[in-house]
Amino acid sequence: MMNRMAFIKFRGNFTTNSSFHLHSETPFSSFHLALHSDVSSNRSMLHKITNLNDALNLFDEMSQRCPLPSVVHFTQLLTAVTKIKHFSTSLHLFNQMCSLGVPVNEFSMSIAIKCCCQLYRTKDGFALLGCCFRRAIPPNVYIYSALLDGLVLEDKILEAEMLFKKLVKQKLCEPNVVMYNTMIKGLCKFSNNVTAVALLRLMEQKNCKPSIVTYSTIIDSLCKDKLIDDAFKLFKEMVFEKGILPNVITYTSLIRGLCNLGHWDEASKLLIEMEDEKISPDVQTFNVLVDAFCKEGKIEEAEAVINIMIERGEVPNIVTYSSLIDGYCLRGEMIKAREIFDSMTLRGLVPNVVTYSSLLNGYCKNLNIEKAEQMFREMSGKGLKPDVVTYNTMIQGFFQVGRCVDAHKLFDEMYAQGQIPNECTYRIVLEGLCKNRQVEEALSLFHLVGDSKLNSDIAMYNILINGAGKYGKVDIAKNLFHDLIDKGLQPDVHTYTVMISGFCREGVLAEARSLFLKMEESGCPPNNVTYSVFLQGCLKNKHYDDVEMLLQEMDDRGYSLDASTLSLFIDHIAAGLLDRSMLKLFGKLVPKELLNDPSLCDWE
DNA sequence: GTAGGGTTAG
């Protein structure tokens, strides 16, 4: 049985908040070479450091010793503080060390740089790199890797690539496996799997052996992009060609990939395989299963997994319960969802922004906006700052119940609170305005924002065209359609479908028909939704010429009729408007589930 | 007797 690493919880509120500065005047004394006599006790204390106070007390005690402990000991302390992720404290202590006159070397420097970078202050990290040069501390691969990691963390992938290439070209340092892994992680973050694999090949070429981390990073990324076959190809290469044994992380990524694709059997096979290999699933592995079951609405299975997990000595965490809350919300069982939420506190788990937003989302989706507002206030009361997702959820909730003014207010508040609206926000607002018959408002917002990314997103056009078409503003829809073509955007199957839907609603079947025919030649063939929309348009407008041909085409393409189109057909046949000979075609076009639908049984 | 890398939730 493998020993589980204890997860250390960080709940301290301690932040130094002081911006970093290295006093260039600080004399770096070289007179502290003497090791303190009590080295071993110092080391044993360091092992025990799991909270900030211990670290700060030790630092205090160390800085009062005479002579001062060596830079090695101070570095050990910095490492301990950094390991518990108190980066700003670690940085503060580094500053103190400098003030005390402890000489800085590449070890302490790399920690300080790492801390800057992890605090999203990579710029300060580079400032410290400048200090390295001035202090004649030669930057090494540790320092450059920390900086590269910072750029990746801040999504500055181009700068990361530039730095990496510069280091290689100018031979500033020889990348090692960690540095390659960091660069690969960055590429994977942007789904650039092809380049990531290319870099893996380059490592091999340069005799830098890829590690389990290298393979796991790329495998995980492939899984996230649903490229499960490629992921397994790489997995097999790792195991059979490189002789690298997979670990719990590798297996968890693959299991998640399989679950997300609904390949349950294969996921369970892999779970058995890892057990055979004596690798125990951990909390995260179990959470993947819980989450996958919950997303499918299979709460009973999810709860069974949680029970197994508890039997195995794993403790469900905030992620486990958040998934469960989502599952209950999805099924509309809000009382159960709330119960789970409350039980978390009893288990000593503190709900965070994600947990609150989950429940809030559940209330919104189940149209209990008052309860959602209550959650929104409650979280602020608990000192949790609503983030973009929370605001998006709440705004969508307001629009859903027609409270446009409140949605608008919240949109403004979001700005005021420093939460920058994202693409999702705009989608929600445009859709919300359209659904509440404020197409012109949506349109003016769309033009007002003037965000080039937003304004050249076909999905945004689809929302507006759909909104315009639905409420009898076909002219606006037509203008938008021309507008996007002029911009060089490619209409997709949704664009065509919403346009056709708009034309049908207006009764301009000729225009609908010509657009429908244009789809095929534009290399964007209609899907079954397009067929349904157009067929319904034909029926409602008593335009029966194309109907049989359309049904035949659907059959040829292997599409089937949805319930609403089918029932419209039945009405038309019952009213004697359509030839009964078409019934034959339905036999092929109606999915089996619908044939068993009692409401549709009286059509013969 | 000092520093770095990979997996979870809305």
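Lettering of chains follows the sequences in order, A, B, ..., and the numbering in each one begins at 1. What's counted below: heavy atoms across the whole structure, side chains too, no hydrogens, waters or symmetry copies. None of the values given here were measured: they were computed from a predicted structure.
Listed nucleotides B:dG6, B:dG4, B:dA9 differ in distance to A:K83; the shortest reach to its side chain belongs to B:dG4. Nearest to the side chain of A:V319, among B:dT8, B:dT2, B:dG4, sits B:dT8. Closest approach to the A:V353 side chain among B:dA9, B:dG4, B:dG10 is made by B:dG10 (side chain taken as heavy atoms from C-beta onward). In this structure, the nucleotide among B:dT2, B:dT7, B:dG10 sitting nearest to the side chain of A:Q76 is B:dT2.
For the residue pair A:P175 and A:V168, the shortest heavy atom distance occurs at CG-CG2, 3.6 Å. Shortest non-hydrogen contact noted between A:L245 and A:M238 is C-CE, 4.2 Å.
For the pair A:L359 CG and B:dA9 P, the computed distance is 19 Å after rounding to whole Å. Atoms CE (A:M309) and P (B:dA9) sit 14 Å apart, rounded to a whole Å. The CG atom of A:L349 sits 13 Å away from the C1' atom of B:dA9 (whole-angstrom rounding). One interatomic measurement links the two molecules: CE of A:M379 to C1' of B:dG10, which rounds to 10 Å at whole-angstrom precision. Note: CD1 (A:I306) to P (B:dA9) measures 15 Å, nearest angstrom. At whole-Å resolution of the value, CD in A:Q284 and C1' in B:dG6 are 11 Å apart. Atom P of nucleotide B:dG6 and atom CZ of A:R256 are separated by 14 Å, given to the nearest angstrom. For the pair A:M179 CE and B:dA3 C1', the computed distance is 13 Å after rounding to whole Å.
Listed by chain and residue number, A:A160, A:K185, A:K189 satisfy the side chain to side chain contact (heavy atoms under 4.5 Å, CB included) test with A:V152 (two or more places apart in sequence, or in another chain). Contacts of A:N105 classified as side chain to side chain donor-acceptor pair (under 3.5 Å), with partners at least two apart in sequence or in another chain: A:S108. Partners of A:L153 under the side chain to side chain contact (heavy atoms under 4.5 Å, CB included) rule, at least two apart in sequence or in another chain, are A:Q118, A:Y120. Applying the side chain to side chain donor-acceptor pair (under 3.5 Å) rule to A:Y251 yields the partners A:E273; only residues at least two apart in sequence or on another chain are considered.
Ring pair A:F107/A:Y142: centre-to-centre distance not below 6.0 Å. Taking the six-membered ring for Trp and the full ring otherwise, A:F411 and A:F398 have centroids separated by 6.0 Å or more.
In terms of modelled atom types and a separation under 3.5 Å, the side chain of A:D220 and the main chain of A:S216 share no donor-acceptor contact.
Residue-to-nucleotide contacts include no donor-acceptor pair under 3.5 Å from the side chain of A:S253 to the base of B:dT7. For a distance-only test at 3.5 Å, the side chain of A:N140 qualifies as a donor-acceptor partner of the base of B:dA3. At a cut-off of 3.5 angstrom, the base of B:dG6 holds no donor-acceptor pair with the side chain of A:T217.
Using a 5.5 Å limit on the distance between ring centres and a 30° limit on the angle between planes, the aromatic ring of A:F107 does not count as stacked on the six-membered base ring of B:dA3.
Here A:S358 does not reach the OP1 or OP2 of B:dA9: none of its side-chain N or O atoms lies under 4.0 Å away. OP1 or OP2 of B:dG10 sits under 4.0 Å from a side-chain N or O of A:K295. In this model, the phosphate group of B:dT7 is not approached by any side-chain N or O of A:K185 to a distance below 4.0 Å at OP1 or OP2. One finds no side-chain N or O of A:K114 lying less than 4.0 angstrom from the OP1 or OP2 phosphate oxygen of B:dG4.
Heavy atoms of A:T79 sit under 4.0 angstrom from primed sugar atoms or phosphate atoms, though from no base atom. Nucleic acid contact for A:V177: base, since at least one base atom lies under 4.0 Å from a heavy atom of the residue. Note on A:S110: a base of the nucleic acid sits closer than 4.0 angstrom, heavy atoms only. Residue contacts for A:K224: at a heavy-atom cut-off of 4.0 Å it reaches the sugar-phosphate backbone alone, with no base atom in range.
Side chains of A:K114 and A:I111 form no contact here, defined as non-hydrogen atoms less than 4.5 Å apart.
For the pair A:K269 and A:W264, the cation-pi test (distance below 6.0 Å, angle within 45°) is failed.
Within residues 205-214 of chain A, the residues approaching DNA chain B are A:S211, A:I212, A:V213, by heavy-atom distance under 4.0 Å. A heavy-atom distance below 4.0 Å to DNA chain B is reached by these residues of residues 383-390 of chain A, ordered by number: A:D387, A:V389, A:T390.
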